[in-house]
Structures are given as structure tokens and as C-alpha cells.
Amino acid sequence: MARARKRLAGAAGPDKKGPEGKRTKTKNECEASAKVENSGLQETSEASEDCGKNLNRYWLMKSEPESRLEKGVDVKFSIEDLKAQPKQTTCWDGVRNYQARNFLRAMKLEEDAFFYHSNCRKPGIAGLMKIVKEAYPDHTQFEKNSPHYDPSSKEDNPKWSMVDVQFVRMMKRFIPLAELKTHHQAHRATGGPLKNMVLFTRQRLSVQPLTREEFDFILSLEEKEPS
DNA sequence: GCCAACGTTGGC
DNA sequence: GCCAACGTTGGC
């Protein structure tokens, strides 16, 4: 059950109603399957380009590898902590942002996700994990002692979700945020694969999608010398 | 520790 | 429904 507390996502705090509702965007042509009902994030491509087989999506999930107390509870959870879990699996609890939650709900079994270290001395991508259980209610929203307790959420209509993730491997080398940013900035000029990477276009979003091109490009960086 | 970015709250 | 105040995220 992992005591682990992942980083909550985005602004926090209890809420009332949430910017839900007007989630309409959808890519209709692909129908039912992979629709991420969230704002106008990944505007173009992605979801729509592969109605055929790869409805697969790729993800980046942030967690804090260094100790920090939140309501008296240490929220530290690094990739080493994930490796140390039974079956190297944990539930990704504590996400309290609607956009991030909607991405959690869009995740499918076996999809890949980068494990990102945030709010630390060396921010960046540390490793790879995969989704091993699709979205279900985050129990910590009902736990009064949890830093992520949400008194406005009711058991018969849970507001927040989580998925289970399993460690896959470490990156062959750690990919620092600064390096990703350098590529992002270059790609904005050249039209390269990281030009729209959500890590830079939507700050503070702790669960985010990547395109296949972004995912593959980042994997290719493993083979290169640090820039 | 600073502070920019940005989501949320609540008065009006 | 606008928008200023406020709180959080997270790099530096």
C-alpha cells in the first residue's frame, strides 16, 4: 500500500466544483478509446493521429525525491523509493489538480511513464515505469490525517483518482531538466520534437502526457553525452 | 530562501 | 462572471 506520497499536482487546496464541466474538446474520430477530457492541452496531433493501433500514450509523472514535510508528513518519494516497494509497485496518490487527475484517468494498462524528480537539487527524468492498474479512487482523500485529505469529497462520489505504477528501469543516465529545456528552446525554433513539451508549456502540472515523438526523443538522449 | 507562474477562492 | 488576493509549485 505504499506509504508513499507523491507530489500533489498543481495548485492544491480543497475545491468546490472544479473547472470540470466544460471538458469537451475530444478528438472524436478516435472515439471512445483514448480521450483525455481535459482542457485544451495537447491541442494538435497525438490522440488523433493513431486511431489504428497505438492509442498508446506516454506520460511524465513528478515526485519529490527529497524530504519535505506537508502537514507533518514527509512527502519524499524518489525512484529509489519506488524500487524498494513490494513488487516495485506503488499507488500514485495525492494528486489534487483536476487536469492532472483527468490524465490519470486516461491512463491505460502497460503505458509507459517517465519518473520525474521535482523540487530538488537535481530536477529531471530519473527512470521509467509503467501503469499496472488503471484509475481508481485515491483513498487518501478520505483520510483525515493525510496531507491530501479532502473533506469535500464523498465516499459515494470520490473526487480524486490514482493509478498503480511499477518500476521498469532507471534511465541509462539521468536526464536533467536543464538539458530538456535546452532542447525545448532549440526545438521551438527548429520545429523539433520537444517544441511543445508540456513540462515547459504548462508549469506545475504534475501528471502530463507526452507524444510518442517526445518520448522517443528523450529516450534517444540516453545514448548521448550530457550536453 | 526567493520569487515567477498560475490555479483557486471569494467579494462584489 | 470578473478579478484581486491568496496559496502552492517548483526552478534557481
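Chain A is the first sequence line, chain B the second, and so forth, proteins listed ahead of strands; every chain is numbered from 1. If you're wondering where the values come from, they're calculated on a predicted model, not measured in any experiment.
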Q | Sole candidate of F167(A), F174(A), W92(A) that passes ring pair (Phe, Tyr, Trp, His ring centres under 6.0 Å) when paired with F115(A) | A |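 For F115(A), the ring pair (Phe, Tyr, Trp, His ring centres under 6.0 Å) check succeeds only for W92(A).
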Which nucleotide wins on minimum distance to the side chain of [X], given the candidates [options]?
X       : options                  : value
S118(A) : dG10(C), dG7(B), dC12(C) : dG10(C)
K181(A) : dG11(C), dG10(C), dT8(B) : dG11(C)
Y98(A)  : dG11(C), dT8(B), dG10(C) : dT8(B)

Q: Decide whether W59(A) and Q208(A) meet the rule of one side-chain donor and one side-chain acceptor closer than 3.5 Å.
A: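 W59(A) vs Q208(A): no donor-acceptor pair found between side chains.
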According to salt bridge (Lys or Arg N to Asp or Glu O under 4.0 Å), who are the partners of [X], at least two apart in sequence or on a separate chain?
X       : answer
E66(A)  : R121(A)
D216(A) : none
K195(A) : none
K172(A) : E223(A)

Q | Below 4.0 Å: OP1/OP2 of dT8(C) and any side-chain N or O of K62(A) | A |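 No, outside the criterion.
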Q: May I ask you to verify if any side-chain N or O of Y116(A) is less than 4.0 angstrom from the OP1 or OP2 atom of dG11(C)?
A: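 Answer yes for this pair, as a side-chain N or O of Y116(A) is under 4.0 Å from OP1 or OP2.
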Value in whole Å for how far the [atom2] atom of [N] lies from [atom1] of [X]:
X       : N       : atom1 : atom2 : answer
K71(A)  : dG7(C)  : NZ    : C1'   : 12 Å
L177(A) : dG11(C) : CG    : P     : 6 Å
N102(A) : dG7(B)  : CG    : C1'   : 15 Å
Q208(A) : dG10(C) : CD    : C1'   : 13 Å
L60(A)  : dG10(C) : CG    : C1'   : 14 Å
R96(A)  : dC6(B)  : CZ    : P     : 23 Å
R121(A) : dG10(C) : CZ    : C1'   : 15 Å
Q99(A)  : dT8(C)  : CD    : C1'   : 16 Å

Output one line per pair: protein atom, nucleotide atom from nucleotides 2-5 of chain C, and distance, for all N/O pairs under 3.5 Å.
none

Q) Pairs in or reaching into residues 177-188 of chain A: which pass side chain to side chain donor-acceptor pair (under 3.5 Å), with residues at least two apart or in two chains? A)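 Counting only pairs at least two positions apart or across chains, the side chain to side chain donor-acceptor pair (under 3.5 Å) contacts touching residues 177-188 of chain A are R173(A)-E179(A).
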